[in-house]
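Reckoned from all heavy atoms, side chains included, excluding hydrogens, waters and symmetry mates. Just so it is clear: chains get the letters A, B, ... in the order the sequence lines come, proteins before strands, and each one is counted from 1.
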Amino acid sequence: MSERRTFPPVAEQMDIIRENAEEILPEEELVQKLERSYEKGIPLNVKLGCDPTSPDLHVGHSVVLTKLRQFQDLGHQAILIIGDFTAMIGDPSGRSKTRPPLSLEEARKRGQTYYEQASIILRSDRLHIVYNSEWLGKMTFDEVIRLTAHYTVAQMLEREDFAKRYKAGIPIGLHEFLYPLAQAMDSVAIRADVELGGTDQRFNLLVGRTIQEKYGQEPQVILTMPLLEGLDGREKMSKSLGNYIALTDPPEEMFGKVMSIPDELILKYYRLAVFAPAEQVAHLEKQLKEQRINPRDAKFQVAKALVRRYYGEEAAEAAAAHFERVFVKKAIPDDIPTVTVAPGTTVGLVELLTQHQLAASKSEARRLIQQRAVSVDGEKIVDIHATITVAHPVVIKVGKRRFLKLQPSA
RNA sequence: GGGUGGGUACCGAAGCGGUCAAACGGGGCAGACUGUAAAUCUGCUGGCACAUGCCUUCGGAGGUUCGAAUCCUCCCCCACCCA
């Protein structure tokens, strides 16, 4: 922390920082902070808090993580706060439901995974990881009371999701009011200069400013990033809604998921998930608008770009080829799960589907067969009593994307 | 502490003694179609057996009844209003 760092000129930094940002509040303060940092050679503390409730990071998280990475690349100090303590509260931001709280231990464990996955995007130098139980866990009751005295119920109810829930008669746990305050204490503890978050974090981030001031610090600047809709195109991408692309999804999966987003989201994904340069986004937008490119092809391009970002060129090509093959040409992919069985074994199709997780239950397996979703070696099977004898390799297909190969053991 | 309205399948929400595995919507899955795992249309959507059948489910525990998601008792939980 002590060695002097050099930074690009402030104007240049601001251009990068503004890229894709939804809101920077207040922008002039950020410029001042940057100027001071530039002159003194001291990096800004850029905070990102994460709630380790769901250990799987997805493309939605990547939006704000990428912004943090940009700060790192500019020479600033990223501070990733693992909210192991706050996870016990369960952040209600943007949700209309109370979240199930987590034990400290469990939160720690998930925090570790979070960190591992975040480092797919972040660089490991200029990065501090801290657990907020370190300071929040030590606060005494009277310290907590003093903290809460800085805010009023009416102020808390300004937050949209609280207000909504209150109006709708949906419970709000008292502890949930403590969440923004706890998060604000994180900013105090690490002396944050800037805090990043999604737009749904706006309120919490602003509380940080107020509280920092109350504790005698210069308030942080807040920077919010747009929220990325999930695959359904309506709800925010989230694990619990299952509409997400995980950072650890294999290339083909990633590709396919992008192909399933509604057409209207193509550009947004290009911008926020791929973080493509503004000119390229503009170019694609123009092509789409003038109908010089088929939306399918545009989506194809975005899907490829996303896979390329995480897995490189080769994987991107392969994933594209796979998609082309399986979904456009409806052929069989080259690498499908294979089970070896004793040659000549005869099994009921229904049993087979359930045994290998191609169907959740026998009833479902039957339903699938009746709905003409199951084929064996390219032949639709409609008889629920069908059996299969494995004399040579047999390929079973369920729906569009579930395959299984039965291989007689040699 | 008092009052009122509630707790139904993955979610929302009807049902208020048999015709209830439970309307309807969302979600999910499948099929058709297509430029895609988009959109649209159609079907399916507790489990087991499939021939009619059986089992589990409507906050929990008991009870009434030939028969309960529906009635009664106690309990737990939630919201709102009053104090």
Side-chain angles (χ1 to χ4, degrees), chain A residues 59 95-100 157 162-174 176 229-246 249-270 284 287-288 291-307 319-333 348-351 353-355 357-375 379-387 396-403:
Chain A
V59 166
R95 297 176 159 251
S96 49
K97 261 187 196 159
T98 308
R99 275 194 170 182
L157 285 175
F162 282 147
K164 250 194 214 149
R165 280 204 270 164
Y166 190 66
K167 241 183 251 149
I170 300 167
I172 302 171
L174 201 49
E176 293 180 81
E229 286 87 348
L231 304 178
D232 54 27
R234 303 209 333 260
E235 303 289 337
K236 167 190 164 186
M237 187 180 285
S238 86
K239 173 131 198 235
S240 51
L241 290 172
N243 60 356
Y244 66 105
I245 304 176
D249 271 343
E252 285 157 14
E253 187 88 4
M254 213 178 235
F255 194 97
K257 281 181 177 175
V258 175
M259 291 307 282
S260 81
I261 61 171
D263 291 355
E264 309 81 70
L265 245 51
I266 295 173
L267 288 167
K268 194 162 185 187
Y269 267 62
Y270 199 35
L284 188 64
Q287 282 185 306
L288 277 169
Q291 300 197 336
R292 299 214 324 272
I293 187 170
N294 186 316
R296 191 209 82 112
D297 295 331
K299 215 189 275 186
F300 214 81
Q301 196 177 316
V302 173
K304 224 160 142 179
L306 187 73
V307 177
H322 175 268
F323 187 87
E324 193 70 51
R325 179 169 182 178
V326 177
F327 297 108
V328 182
K329 301 206 178 98
K330 300 200 189 337
I332 292 160
L349 188 53
V350 168
E351 283 72 35
L353 295 183
T354 44
Q355 258 165 38
Q357 282 85 48
L358 294 171
S361 65
K362 289 189 181 175
S363 298
E364 187 180 304
R366 290 192 193 96
R367 252 179 256 131
L368 285 165
I369 292 170
Q370 280 160 351
Q371 286 176 134
R372 311 176 52 79
V374 180
S375 66
E379 230 177 283
K380 286 252 184 276
I381 304 291
V382 280
D383 177 15
I384 57 171
H385 299 292
T387 57
I396 298 174
K397 184 181 181 193
V398 179
K400 292 192 180 82
R401 31 192 308 231
R402 278 171 282 170
F403 297 93

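Here A/P295 lies in heavy-atom contact (under 4.0 Å) with a base. A/G399 comes within 4.0 angstrom of the backbone, heavy atoms only, and of no base. Residue contacts shown for A/R372 are limited to sugar-phosphate atoms, with no base heavy atom under 4.0 Å away. When heavy atoms are screened at a 4.0 angstrom cut-off, A/K380 is found touching no nucleic acid atom at all. Among the protein residues, A/V328 comes within range of the sugar-phosphate backbone only, with heavy atoms under 4.0 Å from sugar or phosphate atoms but none that close to a base. Contact annotation for A/F300: no contact, since no heavy-atom pair falls under 4.0 Å across all strands. A/K299 comes within 4.0 angstrom of a base, heavy atoms only.
For A/Q371 and B/G43, a side-chain-to-base donor-acceptor distance below 3.5 Å is present, hydrogens and geometry of angles not being considered. For B/U36, the base has no donor-acceptor partner in the side chain of A/K329 [N/O atoms by modelled type, under 3.5 angstrom]. One N or O donor and one acceptor, one from the side chain of A/D263 and one from the base of B/G35, sit under 3.5 Å apart.
As rounded to the nearest Å, B/A69 and B/A23 have P atoms that lie 15 Å from one another. As rounded to the nearest Å, B/G47 and B/U57 have C1' atoms that lie 10 Å from one another. Only the C1' atoms considered, B/A83 is 46 Å distant from B/U56, to the nearest whole Å. Nucleotides B/G18 and B/A13 place their C1' atoms 24 Å apart, quoted to the nearest Å. For the C1' atom pair drawn from B/A51 and B/C66, the interatomic distance equals 27 Å after rounding to whole Å. B/U19 and B/C80 are spaced 38 Å apart, taking the C1' atom of each and rounding to whole Å. Here, B/A79 and B/U73 have their C1' atoms 25 Å apart, quoted to the whole Å. Spacing of C1' atoms, B/G28 relative to B/C82, comes out at 45 Å, to the nearest Å.
Of all non-hydrogen atoms in A/L358 and A/L368, the two that sit nearest each other are O-CD1, 4.0 Å.
Mapping A/I384 and A/E264 onto RNA chain B via the closest heavy atom, the residue that lands nearer the 5' end is A/E264. Judged by closest nucleotide on RNA chain B, A/V258 is the one of A/Y166 and A/V258 placed further toward the 5' end.
A/Y270 places no side-chain N or O within 3.5 Å of a backbone atom of A/K299 that could act as its donor or acceptor partner. With hydrogens and angles disregarded, a donor-acceptor distance shorter than 3.5 Å links the side chain of A/K257 to the backbone of A/Y244.
Each of B/G35, B/G26, B/A30 was ranked by its minimum atom distance to the side chain of A/R234; first place goes to B/G26. For A/R367, taking side-chain heavy atoms from C-beta onward, the closest of the listed nucleotides B/G47, B/A30, B/A37 is B/G47. Of the candidate nucleotides B/C48, B/C80, B/C44, B/C48 has the atom nearest to the side chain of A/S361. Nearest nucleotide to the A/A373 side chain, out of B/G31, B/A49, B/C80: B/G31. Checking B/U36, B/G46, B/C29 against every side-chain atom of A/R296, the shortest atom distance belongs to B/U36. Among the nucleotides B/U36, B/A30, B/A37, the one closest to the side chain of A/F327 is B/A37. Of all nucleotides listed (B/U36, B/G31, B/C29), B/G31 comes nearest to the side chain of A/K400. Of the candidate nucleotides B/A37, B/G35, B/G47, B/G47 has the atom nearest to the side chain of A/S363.
In this entry B/G5 has B/C78 as its Watson-Crick or G-U wobble partner, both defining distances falling under 3.5 Å. Pairing partner, B/U73: B/A61, with both Watson-Crick or wobble hydrogen-bond distances short of 3.5 Å. Nucleotide B/A68 is matched to nothing when pairs are restricted to Watson-Crick or G-U wobble geometry with both distances under 3.5 angstrom.
Applying the 6.0 Å contact sphere to NZ of A/K164 captures no more than 12 heavy atoms from other residues, nucleotides or ligands.
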Just do the side chain to side chain contact (heavy atoms under 4.5 Å, CB included) check on A/E324 and A/F300 with the steps written out, would you?
CA-CA 10 Å; A/E324 193 70 51; A/F300 214 81; 3.5 Å; yes

Derivation and outcome, side chain to side chain contact (heavy atoms under 4.5 Å, CB included), residues A/L284 and A/Q287
CA-CA 5 Å; A/L284 188 64; A/Q287 282 185 306; 3.9 Å; yes

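At least one side-chain nitrogen or oxygen of A/R402 sits closer than 4.0 Å to the OP1 or OP2 atom of B/A30.
Ring pair A/H322/A/F327 is perpendicular by interplanar angle, where above 60° counts as perpendicular and below 30° as parallel.
Going from atom NZ of A/K268 over to atom C1' of B/A38 covers 17 Å, rounded to whole Å. Nucleotide B/A38 holds its C1' atom 8 Å from the CD1 atom of A/I266, rounded to whole Å.
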